[in-house]
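The structure appears below as structure tokens.
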2 protein chains.
Amino acid sequence: MPQTSLSSALFTLAQSYRVTVREAINANELGLNALHVRCLHIIAETQHCTANDIVAKTGRDKAQIARLVKELIKLELVSKCADENDKRCLILSFTDQGNALFSRLEVAEQEVDAKLCHGLTDQQVRDFIAIATTMIENINHNTP
Amino acid sequence: MPQTSLSSALFTLAQSYRVTVREAINANELGLNALHVRCLHIIAETQHCTANDIVAKTGRDKAQIARLVKELIKLELVSKCADENDKRCLILSFTDQGNALFSRLEVAEQEVDAKLCHGLTDQQVRDFIAIATTMIENINHNTP
DNA sequence: CCCCAATAGTTGATATAGTCAACTATACGC
DNA sequence: GCGTATAGTTGACTATATCAACTATTGGGG
């Protein structure tokens, strides 16, 4: 069935994406969900990453992030250690296991992305991301 | 912060969208969530709409839809009545209240959409929807 | 130096959303 | 009529998300 409106396209896509990522991830027996994956990405790309950084970048509730991080630590993918200068800050970093898993994860993600972008040109994908980014900014900034 | 990858753009957008719709809807004191809204749209645009139609169009679990519809009925926005030819099918239609609310809803949605699309051309929005639709098809169909 | 507002993180309680499986009632082919 | 498929409902459960209260630390005035 064709999607006509912006809202239904977005909504359907988000739902489908969530399901697909979950399948891909379950298939890879990693035992993680899409938000775990986002956290891992953020930890990977943020030097000196704290829970608060994740909250800021995801826009999620800090309680949710706290529990998520706790799970990652219990899975021994991530470890935390207090910042020397500010002991309130707990810096998150990958364990060896975490690094290994993250590599596998990147492969799995590329597969999902490839599937998602099947039949689309690179330019279309770039445009899509650019427009999505604009929309995100529109939502976040113009909130009068 | 800039969104670079497809997955994070999608994920962030879906999240932001959900929050914004919820705000818009709460602000309008309608007491409905985004899925309620989708259901109302589907009921509006589908002649002879059944719960099953909603399941098909949303891809959600039928249990979830059953409960959602029950809520809409309790709110007296929608009524259901058995099909004469097939009494298993319960056809959903708006009550007068439902019609009135749906009109208000359309206005609220247009505002969200307008905000979302601020600074984008009509062509960009059309392209965006088209690409999103392709992605949805990619996910749903090529599932080998 | 000590108090205090601000910040980082944790936790409990609760709400919302999504999933699975079993069940009822009707319909249709044979 | 009988089995089977279909529409919808329900219960039990899991996962996600949110709110508010709490601890521990920090840095800045007085």
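Reminder, nothing fancy here: chain letters follow the sequence lines and each chain counts from 1. Computed from heavy atoms alone, side chains included, the values below leave out hydrogens, waters and symmetry copies.
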Nearest whole Å is fine: how far is C:dA17 C1' from B:I65 CD1? 11 Å

Output all residues satisfying ring-ring contact (aromatic ring centres under 6.0 Å, His included) with A:F102, sequence neighbours left out; order by chain, then residue number. A:H41, A:F94

Enumerate the residues from residues 73-90 of chain B whose closest heavy atom to DNA chain D is under 4.0 Å, giving them by residue number; use none for an empty result. B:K80, B:R88, B:C89, B:L90

Checking A:S93 now: which residues fulfil side-chain hydrogen bond (donor to acceptor under 3.5 Å, both in side chains) with it, not counting sequence neighbours? none

Atom pairs under 3.5 Å, N or O on each side, protein against nucleotides 11-14 of chain C: can you list them with distances?
unit_1	atom_1	unit_2	atom_2	d
C:dT11	OP2	A:K70	NZ	2.8
C:dG12	N7	A:R67	NH1	3.2
C:dG12	O6	A:R67	NH2	2.5
C:dA13	N6	A:R67	NH2	3.1

Point-to-point distance, once rounded to the nearest 0.5 Å, from OG1 of A:T46 to CG of A:L92: 9.5 Å

Can you tell me the distance, in whole Å, between the CG atom of A:N33 and the P atom of C:dT19? 13 Å

Identify, with sequence neighbours excluded, every residue that meets side-chain hydrogen bond (donor to acceptor under 3.5 Å, both in side chains) alongside B:Q123. B:R126, B:D127

Could you pull out all residues at least two apart from B:V55 that satisfy side chain to side chain contact (heavy atoms under 4.5 Å, CB included)? B:N52, B:K62, B:I65

Residues in side-chain hydrogen bond (donor to acceptor under 3.5 Å, both in side chains) contact with A:S79, at least two apart in sequence or another chain: none

Between B:D53 and A:L35, who's closer to the 5' end of DNA chain D by nearest nucleotide? B:D53

Only counting residues at least two apart or in another chain, list the ones meeting ring-ring contact (aromatic ring centres under 6.0 Å, His included) with B:H36. none

Heavy atoms of chain A, cut-off under 4.0 Å: which first and last nucleotide of DNA chain D, 5' to 3', fall inside that, if you could look? D:dT16 to D:dT26

Salt bridge (charged side-chain N to carboxylate O under 4.0 Å, His left out) contacts touching residues 66-87 of chain A (sequence neighbours left out): A:D86-A:R88

Show which residues join A:L35 in its hydrophobic cluster (side-chain heavy-atom contacts under 4.5 Å, direct or indirect), or state none. A:L68

Once rounded to the nearest 0.5 Å, what's the spacing between atom SG of A:C117 and atom CG of B:L6? 5.0 Å

